[in-house]
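The next block holds one structure in the form of structure tokens; read it before the comments.
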Amino acid sequence: MLLGQAESGKSTLQKQFQLYYAAHSLERERPSWRPIVYFNILKALRMILEELDYEYPQASQPPSTTNSAAPYSPIPPSTGSSAGNVFSFTPPLTRSSAPSSYPSDAPSSDGSSFSDLSYLRSKVLPLVASEEALASELSGGITVSRGRTGVYVRSGWQSIVTQTRSWALPDVLSAPTRPTAVTNIVAKTFAAAQDEIYRLWHHPLVQKLVKSNKLRLEDAAAFFLDNIHRIAEPDYVPTTDDVLHVRLQTLGVTEHSFEISMGASHFHWLLYDVGGAVRRHAWVPYFEDATAIIFLAPISAFDQYLEEDPRTNRIDDSLQLFTTICTNKLLSKAALVLMLNKADLLKQKLEAGIKVRKYISSYGDRPNTYAEVSEYFRAHFMQVQKRKDPSNRTMYVHFTSMLDVKATQSIIVNVGEAIMRSHIQSIGLA
């Protein structure tokens with residue numbers, strides 16, 4: 001079973017398993033990922049425009065009236081309750097109802113002028129307007145509570161973007177795909193606005209918001225925006241890197257099967273991806289005979305908070321979920337693998353000068369280096385398992401980056417061998 005909070009990397013790890021053990025199936029799926037890539041870009045653009053409207057309301061005016069005053073209605077912050085109990089966390093900063101004044105250091109006479117930003121906004125805004133239509137089409141009518149916008153899919157979602165929607169999943173994966181009407185419109189708009197999208201993303205004011213951590217995009221947003229010219233090509237088909245980078249919110253439990261050979265032995269593995277949107281604990285009784293649990297914890301998320309509860313740090317939430325897994329007696333016979341994921345993003349944040357103690361006060365005055373921070377998080381997760389796991393089983397720990405194909409597949413092999421050894425011992429054959 002793959003377990004972990006939303007955006008922890010479970011689906012990316014599943015794709016890595018697929019790439020290693022069933023690369024032919026991933027190859028057949030490539031065209032179906034095209035609209036998902038488009039949606040990831042639309043979401044990133046919408047988040048950029050929303051933050052620009054908040055930080056630089058001058059840029060939201062038409063180019064001819066950029067310097068004139070206009071009413072401003074920012075998006076209010078959401079609220080939630082705190083539930084942290086492992087680390088000492090610093091509450092997130094909340095916005096006031098509107099900026100008290102325009103930034104005094106905002107450039108006005110060079111390439112980062114408000115008029116230039118206003119022009120780019122006007123070109124990109126019509127494209128962003130198609131986000132909800134594309135999300136609705138890809139989700140097949142599925143909605144979630146609180147009216148959150150996004151693509152939420154169940155097993156077999158590829159049938160939505162194929163020529164016929166009544167096929168079973170195996171037929172869908174081997175069938176030719178035909179872009180839907182909304183996908184075609186988005187593709188044409190991308191082609192027409194690709195230069196403006198690229199310029200907006202690399203605009204000094206946008207990059208300033210990213211570096212100051214005021215603009216928090218999803219992990220893969222920069223990758224797709226940097227590659228917008230390639231993605232906007234009319235014959236675009238997602239590459240392996242594109243498929244690994246996409247963010248897709250899964251609902252329910254998705255089953256994947258793989259034929260695995262280890263020496264002279266052959267095994268049929270069933271891999272279950274428990275979606276981050278699944279109600280926690282509801283699925284546990286159905287998997288008490290699981291051979292192994294692979295738990296993914298995104299350690300780069302120390303400066304992020306839950307979308308559904310903006311007061312709860314994502315590291316704290318991940319630790320709480322891991323605690324429930326360790327203490328659950330129904331899962332006590334499963335081998336336990338902990339993947340401290342997104343180590344590459346953690347390094348990038350630390351090298352950019354983002355301080356851990358700003359978000360996790362209990363980190364104190366420890367050095368803000370990757371070696372210290374990663375060991376700090378590893379020690380806390382291992383402490384939870386040592387104290388809370390009644391079976392006292394062995395836990396295999398790895399620092400991972402799901403986007404590093406070679407390194408991840410090496411870990412997959414090691415994990416597979418460890419799981420099989422544990423299984424053989426549990427049935428008395430060793």
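Scope of the values below: all heavy atoms of this structure, side chains included, with no hydrogens, waters or symmetry mates.
The aromatic rings of Phe17 and Phe258 are tilted relative to each other, their planes meeting at an angle between 30° and 60°. Between Tyr359 and Tyr305, the two ring planes are tilted [angle within 30° to 60°].
Note: Thr254 OG1 to Gln14 CD = 8.0 Å, rounded to the nearest 0.5 Å. Put simply, OG1 on Thr12 and CG on Leu2 are 10.5 Å apart, with the number rounded to the nearest 0.5 Å. Expressed to the nearest 0.5 Å, how far CD1 of Ile228 lies from CD of Gln194 amounts to 7.0 Å.
Applying the salt bridge (Lys or Arg N to Asp or Glu O under 4.0 Å) definition to pairs two or more places apart or across chains, those involving residues 390-404 are Asp389-Arg393. Identified under the salt bridge (Lys or Arg N to Asp or Glu O under 4.0 Å) test for residues 11-22, with sequence neighbours left out: none.
Inspection of the His202 and Asp226 side chains reveals an N or O donor paired with an N or O acceptor under 3.5 Å. Side-chain contact, Gln18 with Glu29: a donor N or O sits under 3.5 Å from an acceptor N or O. Tyr376 and Ser362 form a side-chain donor-acceptor contact under 3.5 Å, judged by distance and modelled atom types alone.
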Intermediate values then yes/no, side-chain contact (heavy atoms from CB on, under 4.5 Å), Arg34 and Val37: CA-CA 5 Å; Arg34 182 186 179 202; Val37 172; 5.9 Å; no
CA sep, side-chain torsions, deciding dist, call: Asp317, Gln5, side chain to side chain donor-acceptor pair (under 3.5 Å): CA-CA 8 Å; Asp317 177 71; Gln5 64 183 198; 2.7 Å; yes
Steps toward side-chain contact (heavy atoms from CB on, under 4.5 Å) verdict (Phe322, Leu338): CA-CA 9 Å; Phe322 185 65; Leu338 172 65; 4.3 Å; yes
Audit row: Val210, Trp201, side-chain contact (heavy atoms from CB on, under 4.5 Å) steps and yes/no: CA-CA 10 Å; Val210 172; Trp201 167 237; 4.0 Å; yes
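Residues meeting the side-chain hydrogen bond (donor to acceptor under 3.5 Å, both in side chains) test with Gln207, sequence neighbours left out: none. Partners of Ser410 by side-chain hydrogen bond (donor to acceptor under 3.5 Å, both in side chains), not counting sequence neighbours: none found. Shown here are the side-chain hydrogen bond (donor to acceptor under 3.5 Å, both in side chains) partners of Lys349, two or more places apart in sequence or in another chain: Asp303. With sequence neighbours excluded, no residue forms a salt bridge (Lys or Arg N to Asp or Glu O under 4.0 Å) with Glu233.
Salt-bridge formation is not detected for the pair Arg366/Glu372: no Lys NZ or Arg NE/NH1/NH2 atom is positioned less than 4.0 Å from an Asp or Glu carboxylate oxygen. Electrostatic pairing of Asp53 and Arg121 counts as a salt bridge here, judged by a charged N lying under 4.0 Å from a carboxylate O. Ion pairing between a basic and an acidic side chain is recognised when a charged N comes within 4.0 Å of a carboxylate O; Arg199 and Glu196 show no such pairing.
Between the side chain of Ser122 and the backbone N or O of Tyr119 there is at least one donor-acceptor pair closer than 3.5 Å. Side-chain N or O atoms of Gln16 include one that pairs as donor or acceptor with a backbone N or O of Met402 at under 3.5 Å. Judged by distance alone, with hydrogens and angles left aside, the side-chain atoms of Asn40 form no donor-acceptor pair with the main-chain N or O of Ala221 at under 3.5 Å. Looking only at distances, no side-chain donor or acceptor of Thr408 sits under 3.5 Å from a matching main-chain atom of Val405. Side chain of Lys10 to backbone of Gly4: a donor-acceptor contact under 3.5 angstrom is found. Formation of a donor-acceptor pair under 3.5 Å by the His203 side chain with backbone atoms of Leu205 is found in this model. Remark: side-chain polar atoms of Asn341 are paired, donor with acceptor, to backbone N or O of Ser8 under 3.5 angstrom. Side-chain atoms of Asn368 come within 3.5 Å of backbone atoms of Ile354 as a donor-acceptor pair (strictly under, hydrogens ignored). Between the side chain of Ser318 and the main chain of Ile315, no donor-acceptor pair closer than 3.5 Å is present.
Of all heavy-atom pairs between Ile411 and Phe399, the closest is CD1-O, 3.9 Å. Minimum heavy-atom separation, Arg247 to Glu218: CG-OE1, 3.3 Å.
With a 6.0 Å radius and a threshold of 12 heavy atoms from other residues, nucleotides or ligands, Asp365 has its CG atom at or below the threshold.
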